[in-house]
Protein chains: 2
Amino acid sequence: MLTHTEENYLKVIYHLSQTEDEGISTNAIAQKIDTKASSVTDMIKKLKEKKLITHERYQGVFITTLGLQTAKMIIRKHRLWEVFLVNKLNFNWDEVHDVAEELEHIKSEKLINALDAFLGFPKEDPHGDPIPNSKGEIPYREKELLTETKINHKYMCVGVKDTSAAFLQYLDRQKIALGSTFTVLKHENFDHSVTILFQENELTLSKVVAHNLFVKKI
Amino acid sequence: MLTHTEENYLKVIYHLSQTEDEGISTNAIAQKIDTKASSVTDMIKKLKEKKLITHERYQGVFITTLGLQTAKMIIRKHRLWEVFLVNKLNFNWDEVHDVAEELEHIKSEKLINALDAFLGFPKEDPHGDPIPNSKGEIPYREKELLTETKINHKYMCVGVKDTSAAFLQYLDRQKIALGSTFTVLKHENFDHSVTILFQENELTLSKVVAHNLFVKKI
DNA sequence: ATTAAATTTTAGACAAATCTAAAAATATTT
DNA sequence: AAATATTTTTAGATTTGTCTAAAATTTAAT
Ligand SMILES: [Mn+2]
Ligand SMILES: [Mn+2]
Ligand SMILES: [Mn+2]
Ligand SMILES: [Mn+2]
């Protein structure tokens with residue numbers, strides 16, 4: 001049985017492993033968890049003891065198959081609870097993260113599977129992130145960043161890379177939501193901003209924004 | 001901000017206070033929490049420090065107004081989550097307690113009020129226990145134990161005093177649920193069992209059972 | 001009113017999760 | 001290759017919640 005803290009560390013290690021084939025560094029983990037490297041070293045020993053990760057001194061951390069499976073179950077819970085909050089309790093997509101961060105630690109297989117069924121087995125959370133099924137399988141969905149799109153093609157917004165409240169609220173103000181469709185008009189070479197035709201208006205999105213919006217050609 | 005443990009202690013103290021006007025003894029708390037008296041003494045100091053209880057050495061514990069209000073909010077959460085599990089996720093009434101024991105510690109005012117609304121502002125949980133509203137007001141409902149009923153009157157089952165899975169499963173086997181109606185036929189003087197006419201059959205319930213069933217005259 | 005029994009508190013220890021400061025190992029510059 | 005900088009680990013301390021064993025206090029019994 002894992003503590004909340006162990007689960008939070010494992011989730012961070014899982015996410016860092018997604019974009020890194022070398023060992024995950026102590027510092028990288030410390031930065032994500034917002035703690036000290038020495039605390040991470042302590043926790044690494046515990047997770048290693050529980051066979052969730054492997055680790056050699058100074059060599060970085062690798063997640064094991066068990067760790068991977070465990071992490072995916074925590075992420076499954078996090079994302080299902082987010083769907084519940086948005087679809088059933090009318091939370092906005094910028095309000096769900098902190099609560100889901102707590103709810104993801106509730107330990108009941110029956111609960112999470114019943115919740116999954118109650119929500120109609122959703123494939124994605126309110127930020128467009130895929131929800132692992134009860135076996136830990138993650139549904140794949142084609143998507144690319146807005147920065148990588150081709151001009152004069154039509155796209156649909158299918159996810160956000162940055163899930164911070166600040167970014168989500170910015171999108172709300174631009175009326176951009178998951179499912180929004182638009183045509184890419186121009187990629188500005190100078191500042192890498194992207195101009196789109198959205199709801200009959202031209203809208204220019206900065207590189208920061210474009211680089212955090214997942215879209216799909218339609 | 002209270003820890004899960006502090007909240008669990010406070011809830012136990014609240015419940016013990018309901019049937020006791022003297023101070024709550026260290027041992028009584030220890031027994032409910034399933035811990036040692038010395039641990040309780042330690043926790044008493046913390047709860048006193050936070051003004052949730054008052055305490056003089058060897059004199060037992062009294063809950064304060066702040067402690068009372070805080071306890072009621074935890075109980076509100078516990079019971080609302082139980083309603084959610086039974087009404088929305090199809091849990092049986094004997095399966096909800098342990099999960100609710102975890103869910104009650106999730107800290108979000110918005111969440112619990114949204115859940116309350118989503119459930120249609122229920123007045124009682126799946127065991128017939130009243131749900132405090134957002135102000136901490138507890139709806140009153142007339143009820144008495146089956147042992148205190150009068151013969152030849154009709155009653156409706158409105159609650160259980162013992163909420164253990166074992167008792168709830170016993171009631172399931174007898175087909176007795178909240179809302180069930182019956183006529184009291186006889187109080188047996190010798191063993192204090194109660195015979196009722198329920199669904200056209202005579203059913204004799206032992207003292208233990210009758211003393212844990214709340215009913216209301218109809 | 002003593003004595004005996006039960007309850008409650010204190011003292012000291014331990015595991016979990018954190019921190020600071022210092023040491024050890026690795027990586028980067030010159 | 002040596003010197004310097006960075007990263008990582010260790011050592012030792014702190015807080016929370018728990019425990020055992022012993023002391024203090026209250027309650028019950030003789
Ligand atoms: Mn979390
Ligand atoms: Mn999400
Ligand atoms: Mn609890
Ligand atoms: Mn209940």
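Keep in mind it's a predicted model, so treat the numbers as computed, not measured. Order of the sequence lines fixes the chain letters, A, B, ..., with proteins taken first and strands second; residue numbering starts at 1 for each chain.
Checking Asp172(B) against Trp93(B) by side-chain atom types alone, a donor-acceptor pair falls below 3.5 Å. With 3.5 Å as the limit, one finds a donor-acceptor pair spanning the side chains of Thr195(B) and Thr204(B). Judged purely by distance below 3.5 Å, without hydrogens or angles, the side chains of Asp162(B) and His211(B) never pair a donor atom with an acceptor atom. A donor atom on one side chain and an acceptor atom on the other are not found under 3.5 Å apart for His55(A) and Gln59(A). At a cut-off of 3.5 Å, with distance as the only test, a side-chain donor of Glu101(A) or His97(A) sits close to an acceptor on the other residue.
Looking at the side chain of Met43(B), the nearest of the listed nucleotides dT9(C), dC19(D), dG17(D) is dG17(D). Ranking dT18(D), dT10(C), dT7(D) by closeness to the Tyr58(A) side chain, first place goes to dT7(D). With dT10(C), dG17(D), dT26(D) as the choices, the nucleotide that has an atom nearest any side-chain atom of Thr5(B) turns out to be dG17(D). For Ser38(B), the side-chain atoms get nearest to dT10(C) when compared with the rest of dA21(C), dT10(C), dT8(D).
Phosphate proximity of dA17(C) to Thr35(A): absent, as no side-chain N or O sits under 4.0 Å from OP1 or OP2. For the pair Arg57(A) and dT10(D), the criterion of a side-chain N or O lying under 4.0 Å from OP1 or OP2 is met. In terms of phosphate contacts, Lys45(B) brings a side-chain nitrogen or oxygen within less than 4.0 Å of OP1 or OP2 of dT10(C). Side-chain N/O atoms of Lys46(B) include one lying less than 4.0 angstrom from OP1 or OP2 on dG17(D). Distances shown here put a side-chain N or O of Thr41(A) below 4.0 Å from the OP1 or OP2 atom of dT9(D). The side chain of His55(B) places an N or O atom within less than 4.0 Å of a non-bridging phosphate oxygen (OP1 or OP2) of dT9(C). The side chain of Lys36(A) places no N or O atom within less than 4.0 Å of a non-bridging phosphate oxygen (OP1 or OP2) of dT18(C). A close approach under 4.0 Å does not occur between any side-chain nitrogen or oxygen of Tyr9(A) and OP1 or OP2 of dA16(C).
The CE-P distance, from Met1(B) to dT16(D), rounds to 15 Å in whole Å. Distance Glu7(B) CD to dT16(D) C1': 15 Å, rounded to the nearest Å. In this structure, CG of Asp42(B) is placed 12 Å from C1' of dT20(D), rounded to the nearest angstrom. Counting to the nearest Å, the C1' atom of dC19(D) and the CD1 atom of Ile33(B) are 16 Å from each other. Rounding to whole angstrom units, CD of residue Glu49(B) and P of dG17(D) are separated by 13 Å. Here dT16(D) presents its P atom at 8 Å from NZ of Lys50(B), a figure rounded to the nearest Å. Here dT18(D) presents its C1' atom at 15 Å from CD1 of Ile44(B), a figure rounded to the nearest Å. One interatomic measurement links the two molecules: CG of Leu47(A) to C1' of dA16(C), which rounds to 13 Å at whole-angstrom precision.
Proximity of residues 15-28 of chain B to DNA chain C (heavy atom under 4.0 angstrom from any strand atom) is restricted to Ser25(B), Thr26(B), Asn27(B).
The side-chain hydrogen bond (donor to acceptor under 3.5 Å, both in side chains) test with Thr149(A) is passed by exactly one of His187(A), Lys217(A), Lys216(A): His187(A).
Taking the charged nitrogens against the carboxylate oxygens, Glu137(A) and Arg76(A) have no contact shorter than 4.0 Å, which rules out a salt bridge.
Among all heavy-atom pairs drawn from Ile63(A) and Ala71(A), the shortest one is CD1-CB, 4.5 Å.
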